[in-house]
Amino acid sequence: MGIVFHERTKEFHLYNQDISYILGILENGQPGQIYYGKRIHDSDSFQHLIEYGIKDMAPCAFEGNRMFSMEYLRQEYPSYGRGDMRYPAYELHQADGSRVSEFIYDGYSIFNGKKRLFGLPAVYVEAEDEAETLEIFLKENVTGTKLTLSYTIFRDFPVICRNALFRQEGKEPVVLKNAMSLCLDLPDADYEMVTLTGAWARERYIKIHPLHEGVQAVYSMRGHSSHQFNPFFALKRHETTEHTGEIIGMSLIYSGNFIGQVNVDTFGVARAMAGIHPEGFAWTLRKGECFQTPEAVCVYSQDGLNGMSQVFHKLYRKRLARGKWRDKVRPVVINSWEAVFMDFTENKILEIAETAKDLGVEMMVLDDGWFGKRDDDTSSLGDWYPNRDKLPGGIKGLAQKIENLGMRFGLWIEPEMISKDSDLYRKHPEWLIRVPYRQMCHGRNQYVLDFSKDEVVEGIGNMIISVLKDAEVSYIKWDMNRSISEAFSQNCEPEAQGKLFHKYVLGVYRLYERLETEFPDILFESCASGGARFDPGMLYYAPQCWTSDNTDAIERIRIQYGTSVVYPLSSMGCHVSAVPNHQTFRNTPLKTRADVAYFGCFGYEMDLNTLHEEEKREIREQIAFYKTYRSLIAEGKFYRLLSPFEGDEAAWMVVSEDNRVILAAYYRMRQPSNAPYKRLRLKGLEAGARYSIEGREGSYYGDELMYTGMVISDYACGIRPDPTRQGDYQSRLFILKML
Ligand code: DGJ
């Protein structure tokens, strides 16, 4: 790993064993993009890779020179108004109304390690030699604004992290109307764009479409990263498959409004950008003030989508998630939501906990409905004190009783929200995000607190902290159940309005930071109506996230499969729920429900006391199974084998770091008639090692299992079809061990 600076040509070459990232300072002092991809040898000069051209009508930078136009140059952080007609990476509005600016090279710094981003989540290093960072300093000579573009390259990951920091040093204020975290001009557009899109209960479906001239984007303007689009996209070659070929993944470590956009010009250059969504964003910078963009992470892989995913998984598991729980096995939980919703008493919860304990569950999580006078979703958000009718001994009493059973206790909160029918609303109507003289939209009968204001974050934090100080709470599920409308900070200067969305997110991060500093042992799980804030920003604070409100096993196959494109299994909350399923009304076998939920942070979400003894026996075995394999599932390499987006079956597998233990799963969503033969070709095994397969005679070489495949047809090898394995919604698990 290293960063080389070539003084003569003013080129920087960042490299490690897998990748090279080369940029240079162009003739006009702006940074130009030269190369990003597989590692190449360093050279004195890469100037020959900078392509110029004479194009009619293009605004050219130098008198008498028709070759140098920003419109046709590949750049690192393009400006508005100095000749480039494509989308800019930032916009700086000035007091006289001008929007024209350009940042000119003003030096650089190279250092070991990586800086933390103030107030924002980011990838980190644990030792200085894990990464090297290049900072390029630029200056806007008219406004006096400074800009630092930061690039970190890692020793052990094919990853570049980028961010931008603006600082106003001129006397007149400027307004940042846009400030991307990343801009990457690629020399051709022969790519397909991979995105994760969806809606509530069908989050992060994989979509792939070829790039075309013009603009294509994923985005959120909802105040949170959203069910609809994840803050991620990848550009893959047409020939790239799940396991082979070139791909660049871009992921934004942020939980609020974002855009991930590719702008293809008519000369085939693809400009990829990611950052805070500019809609409604306006950040005034006075002399001495800074604006820090969130961090963007670029992964380059030659091993297809799956290769890219494995890099994200390891990076986000080990160098984004943090705290005590990062490396610890996660408890098997029972969550009260789909068991009793808000209709419970302390006794009811204890009855469920007792049965759960007996079956091997380690933590009882009390979900929504424990506070104020909340019996349905019309009241009490903001009143973070226990409902004594339901819980006579409060949270303290219940938590103690759960602890006495030998289990840990977890609690649900939704700190960013308020109900009209609440003491908090009556006391602090000015704490809401709303335009005072306009009607407010409700979402799930609730309203959003103005987390851009310190006193709101502080006040809510105090209430939550007093609950947590009073009781033995080991886990928090932090929910967020609506998008932001009527975005307006009451009683604030007009200038504050353009900062609202970003400051809101900073407020959320600050409260997480405060709670985690005060309670470092608590395991946090983030949630937003299921997976509406399943993003890297959240992962920094909460190592796991409730993947989706859809707990139907068949739907979950698609959701978890899509989520795994970026996020590790250790980040996905996955529970077995009752049938018929609450979201789809589907009846799936208990085995299938567990076989899907094992591949994440496992738990149950049903009233266990309504089950037959036979079902309880099965659950006891499921929990014992999960406990045996949970470290492998959390830490192993994950391979997607068959896509549920391409047919009626799916498969994936996890391989231990040392390649010795494998857990593979095959799911059949719909039974074909007169089924064809079926083999599952495994991945990541050692070709020359022999593996046993639990439940099968003999042993098999890794190469046979990878290239010939494992026969899973029902009739094969004299195996008679097992009647219990027929029909829709079936699943099978395979455990392989190296001999
Ligand atoms: C939405 C979450 O996704 C559910 O799991 C549950 O916690 C409800 N909110 C509670 O209101």
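Throughout, residue positions are numbered sequentially from 1 according to the sequence presented.
Sorted by first then second residue, the salt bridge (Lys or Arg N to Asp or Glu O under 4.0 Å) pairs that include residues 6-15, not counting sequence neighbours, number zero. Among pairs with a residue in residues 240-256, those fulfilling salt bridge (Lys or Arg N to Asp or Glu O under 4.0 Å) read Arg237-Glu246, Glu242-Arg640, at least two apart in sequence or across chains.
Comment: Glu51 engages Arg74 in a salt bridge, judged by a side-chain N to carboxylate O separation of less than 4.0 angstrom.
Legend: residues meeting salt bridge (charged side-chain N to carboxylate O under 4.0 Å, His left out) with Arg162, ordered by chain and number and at least two apart, are Glu76. With sequence neighbours excluded, no residue forms a salt bridge (charged side-chain N to carboxylate O under 4.0 Å, His left out) with Arg660. With sequence neighbours excluded, no residue forms a salt bridge (charged side-chain N to carboxylate O under 4.0 Å, His left out) with Arg330. Thr547 meets the side chain to side chain donor-acceptor pair (under 3.5 Å) test with no other residue; sequence neighbours excluded. Legend: residues meeting salt bridge (charged side-chain N to carboxylate O under 4.0 Å, His left out) with Arg630, ordered by chain and number and at least two apart, are Glu362. The side-chain contact (heavy atoms from CB on, under 4.5 Å) check on Tyr707 picks up Asp703, with sequence neighbours excluded. Remark: Lys236 pairs with Glu192 by the side chain to side chain donor-acceptor pair (under 3.5 Å) rule, at least two apart or across chains. Residues satisfying the side-chain contact (heavy atoms from CB on, under 4.5 Å) criterion with Cys527, sequence neighbours excluded, are Lys477, Asp479, Trp546. With sequence neighbours left out, the side chain to side chain donor-acceptor pair (under 3.5 Å) criterion links Asp84 to Gln75, Arg86, Arg271.
Ring planes of Tyr36 and Tyr21: tilted class, angle from 30 to 60°. Ring pair Tyr90/Phe166 is tilted by interplanar angle, where 30° to 60° counts as tilted.
Among the candidates Asn230, Asn257, Asp535, the single residue satisfying the side chain to side chain donor-acceptor pair (under 3.5 Å) test with Ser225 is Asp535.
In the model, Thr195 has no side-chain atom that pairs as donor or acceptor with a side-chain atom of Lys207 under 3.5 Å. Side-chain N/O atoms of Tyr205 and Glu203 include no donor and acceptor closer than 3.5 Å.
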What donor-acceptor contacts under 3.5 angstrom involve side-chain atoms of residues 632-639, with partners at least two apart or in another chain?
{"from": "Lys637", "atom 1": "NZ", "to": "Asn659", "atom 2": "OD1", "distance (Å)": "2.7"}

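The shortest non-hydrogen separation linking Leu642 to Tyr561 is O-CE1, 3.3 Å.
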